Number of protein chains: 4
Amino acid sequence: MSKIQIIATGGTLDKEYDSLTGELNFPQTHLPQIFAQALVTAPVEISPLMALDSLQMNDSDRQMIAKACIETNAHQIVVTHGTDTMVETGKMLITLGESSEFDKLRGKTIVLTGAMRPFALGNSDAAFNLGAALMAAQTAPPGVYICMNGLLHSADRVQKNRQLGVFEAQ
Amino acid sequence: MSKIQIIATGGTLDKEYDSLTGELNFPQTHLPQIFAQALVTAPVEISPLMALDSLQMNDSDRQMIAKACIETNAHQIVVTHGTDTMVETGKMLITLGESSEFDKLRGKTIVLTGAMRPFALGNSDAAFNLGAALMAAQTAPPGVYICMNGLLHSADRVQKNRQLGVFEAQ
Amino acid sequence: MSKIQIIATGGTLDKEYDSLTGELNFPQTHLPQIFAQALVTAPVEISPLMALDSLQMNDSDRQMIAKACIETNAHQIVVTHGTDTMVETGKMLITLGESSEFDKLRGKTIVLTGAMRPFALGNSDAAFNLGAALMAAQTAPPGVYICMNGLLHSADRVQKNRQLGVFEAQ
Amino acid sequence: MSKIQIIATGGTLDKEYDSLTGELNFPQTHLPQIFAQALVTAPVEISPLMALDSLQMNDSDRQMIAKACIETNAHQIVVTHGTDTMVETGKMLITLGESSEFDKLRGKTIVLTGAMRPFALGNSDAAFNLGAALMAAQTAPPGVYICMNGLLHSADRVQKNRQLGVFEAQ
């Protein structure tokens, strides 16, 4: 069975409350803990690539994500990502895939997901979203997807509704 | 967008601790709470069909599940189920689908899932499994599946490893 | 049995994560939920007085707390409070008690407590601290106290160690 | 500062769900985790003495608890205990204290506490009760007490109301 690559880039999903400062920060990714709690035996490999609030992500960060998707020999990839610019990153992965430098992206199933509430704060959507994204990476055809709210969207046909905090088909 | 039918049959996923008796029981299904926490906007419809420990399920109960899968006009179905006889129910759904009375089962994607630890006790695999199963119901071809541990198995090619508490391809 | 007054002033204990803004705010006090979870039958009366980060509290706010302590007919009082200036408020209650306007403070047992991690984020010290403070209010002689870390300090002989995030005798 | 002895005897407080058997058992005491979460700096020493459902406790077990209370040089003691026979154990500690063999019990503050819902299952009264009991052990005069529901009862003047799941003055 081929491995599934999980690329962590930060986002709300991985934030934690720092008791000393009273602020939210990124200690280290909670993905191993989430997969352990879910008793995952699927052959996942977790790569912490960066730990950014997605509002602070720039094009260079997004190229780094694209490179990580190419360099892994996995064809099934989940990218955890902040929700604010998740769609922007998804669209850039589609665009980059049209260039010769990044054309290997096109043969892969890349599923972006995240959370509206950090896993570490309890009552979070993180585990559900990650379960859905891991499944989508294994069952959906090659392409770049956003997996949130129990739905799978092609990354070029979705937007975040900031008032409601959910993703909608566009 | 067509609705996705969620049929609750009980199982560990839905158990809760009763403080007065000190025992685990089935108050009412936690599925609405799990979907709310996950901010699900997918068009799910939840039907509590029964609330059984799957060791207590008999063939008549399994026929009732089969009928519920036929009677809904949904073609994407998630069945929450105790893990101990989840595979047995899955196999019976396949067998029943071969009879003329239940042949409508064959056109549907039916995904059985559950949990090794009740959702209500925290640190549970329930939300992850349900996220994965909801996605599988939308992305996998018609058939009967077991979705556990981040993997999707055809129901006739999987078994539960009771020592490890995980499902394995057979 | 005489009632025990619980005066909520905000602080970390009562903060919650806002999924839409990604920030911590004060929705409404979690004290009723904490007491319900603890199956409290002690005759507590909860008064939400203000909802402030204690770094934003000024002398006028502290006088309002003093007045609330006087105006209740309860002689056993718990004040939930941010940890950063909890000691400052405690000392001011002692000082005010020496004036004729506020001399009724001197006959009461006033216990300040709070939390280093919000109750709503899970894995919090809030419930433990509140249990300890509620007991101290019933068992300690009149005075103004800080109850944190399983210890009861007279408010004029304690300081917060900000590096360690704990309160120490001074 | 003198140490406070914490004697663990089991009870609901320390139970955990076993995913493989689907039953509740006693893995090891959760007291260190509860104190760590509460950021306790009070000088507590935790002794796991036994791990029993209190309905299975007999007089010999209760004598063992009495001996443990005598043998520690601490004068402030918290005993975690199942709620069903907590009062019975408390009364026996009072009775034993009247004999010459156990008369050292009389100089100590012994506080029995427990929980109606296991700490490990979340949403538990355990941390609150333990905070209250730890404070009572430090502030109440020598005697044997039951500390539950935010109240401190002398062990010979309290009973458990099994219908409501709370302790009441008798």
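Keep in mind the model is a prediction, meaning the values are calculated, not measured. Residue numbers begin at 1 in each chain, while the letters A, B, ... track the order of the sequences.
Listed in order of number, the residues of residues 84-96 of chain C that approach chain A to under 4.5 Å between heavy atoms amount to none.
Taking chain A as the reference chain and counting heavy-atom pairs below 4.5 Å, the highest number among C/Ala115, C/Ser124, C/Pro118 is found for C/Pro118. Of the listed residues A/Ala120, A/Ser19, A/Gly122, A/Gly22, the one with more heavy-atom pairs under 4.5 angstrom with chain C than any other is A/Ser19.
Within a 6.0 Å radius of CD in C/Gln159, more than 12 heavy atoms belonging to other residues, nucleotides or ligands are found.
Looking only at side-chain heavy atoms (C-beta outward), A/Met116 and C/Leu20 come within less than 4.5 Å of each other.
Sorted by first and then second residue, the salt bridge (Lys or Arg N to Asp or Glu O under 4.0 Å) pairs involving residues 100-121 of chain A (not counting sequence neighbours) are A/Arg117-C/Glu16.
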